[in-house]
Amino acid sequence: MRNIDIVKIILASLGKSEELITFVKDRSGHDLRYAIDPSKISSELGWNPETDFESGIKKTIEWYLANKEWWQEIINGEYRNYYEKMYGNR
């Protein structure tokens with residue numbers, strides 16, 4: 001999938017407008033393509049994903065929306081106080 005397609009899925013899942021998308025100039029030396037080929041794990045181990053990407057990203061977004069207390073502690077920096085208290089003197 002192209003990055004833009006993933007961004008559009010995320011925005012649609014959040015009920016947000018595609019007008020929020022901001023395009024930036026390509027960086028020199030950036031990767032032109034990201035690709036995952038699951039054929040080896042499928043052929044050698046018989047593993048196949050149970051969920052397709054679009055369903056999986058939507059489920060992930062739903063989880064984050066339903067578990068705000070978990071990630072809000074991370075973004076507010078409170079975890080830093082914990083780590084400083086536990087590991088700051090090492």
Side-chain angles (χ1 to χ4, degrees):
M1 292 186 88
R2 299 176 310 158
N3 290 348
I4 189 67
D5 297 324
I6 297 169
V7 170
K8 288 179 179 182
I9 291 169
I10 293 169
L11 288 172
S13 297
L14 295 171
K16 303 288 184 178
S17 169
E18 290 183 11
E19 292 178 6
L20 292 172
I21 298 171
T22 302
F23 293 92
V24 296
K25 185 178 177 183
D26 282 343
R27 302 175 317 277
S28 48
H30 80 284
D31 294 330
L32 295 177
R33 182 172 183 262
Y34 305 98
I36 297 173
D37 179 3
S39 61
K40 184 174 182 180
I41 196 169
S42 179
S43 65
E44 292 189 16
L45 300 177
W47 183 89
N48 290 298
E50 294 177 0
T51 306
D52 64 90
F53 181 84
E54 189 166 344
S55 298
I57 192 87
K58 288 177 180 179
K59 287 179 184 178
T60 301
I61 292 166
E62 290 169 8
W63 187 91
Y64 275 92
L65 291 174
N67 293 279
K68 289 182 181 179
E69 69 284 347
W70 180 84
W71 57 265
Q72 284 179 337
E73 288 185 20
I74 294 170
I75 64 171
N76 75 12
E78 187 61 34
Y79 73 95
R80 289 188 194 114
N81 295 333
Y82 169 81
Y83 281 101
E84 183 62 34
K85 180 180 174 185
M86 298 303 287
Y87 307 109
N89 295 326
R90 291 188 178 191

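None of the values given here were measured: they were computed from a predicted structure. As a basis for the values below, the full set of heavy atoms in this structure was taken, side chains included, without hydrogen atoms, waters or symmetry mates.
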Cluster link W47 to I36, ILVMFWY, side chain under 4.5 Å: no

Say you draw a straight line from CE of M86 to CG of N81; how long is it, rounded to the nearest 0.5 Å? 13.0 Å

Is it true that, when you exclude E69 itself, more than 12 heavy atoms of the residues, nucleotides or ligands shown sit nearer than 6.0 Å to its CD? yes

Going from NZ on K8 to CE on M1, what distance comes out if it is rounded to the nearest 0.5 angstrom? 10.5 Å

With sequence neighbours left out, what residues match E54 under salt bridge (charged side-chain N to carboxylate O under 4.0 Å, His left out)? K58

When rounded to the nearest 0.5 angstrom, what distance separates CD1 in I9 from CD1 in I61? 8.5 Å

Considering non-hydrogen atoms only, spot the tightest contact between W71 and Y64 and give its length. NE1-O, 2.6 Å

Is the count of non-hydrogen atoms from other residues, nucleotides or ligands lying under 6.0 Å from L45 atom CG greater than 12? yes

Using a cut-off of 6.0 Å, state whether more than 12 heavy atoms not belonging to E50 lie near its atom CD. no

Who else is in I4's hydrophobic cluster (ILVMFWY, side-chain heavy atoms under 4.5 Å, direct or via others)? V7, L11, L20, I21, F23

Going hydrophobic residue to hydrophobic residue with side-chain gaps under 4.5 angstrom, can you get from W63 over to L14? no

Tell me, which pairs form a side-chain hydrogen bond (donor to acceptor under 3.5 Å, both in side chains) where one or both residues lie in residues 35-46, sequence neighbours left out? D37-S39, S42-N48

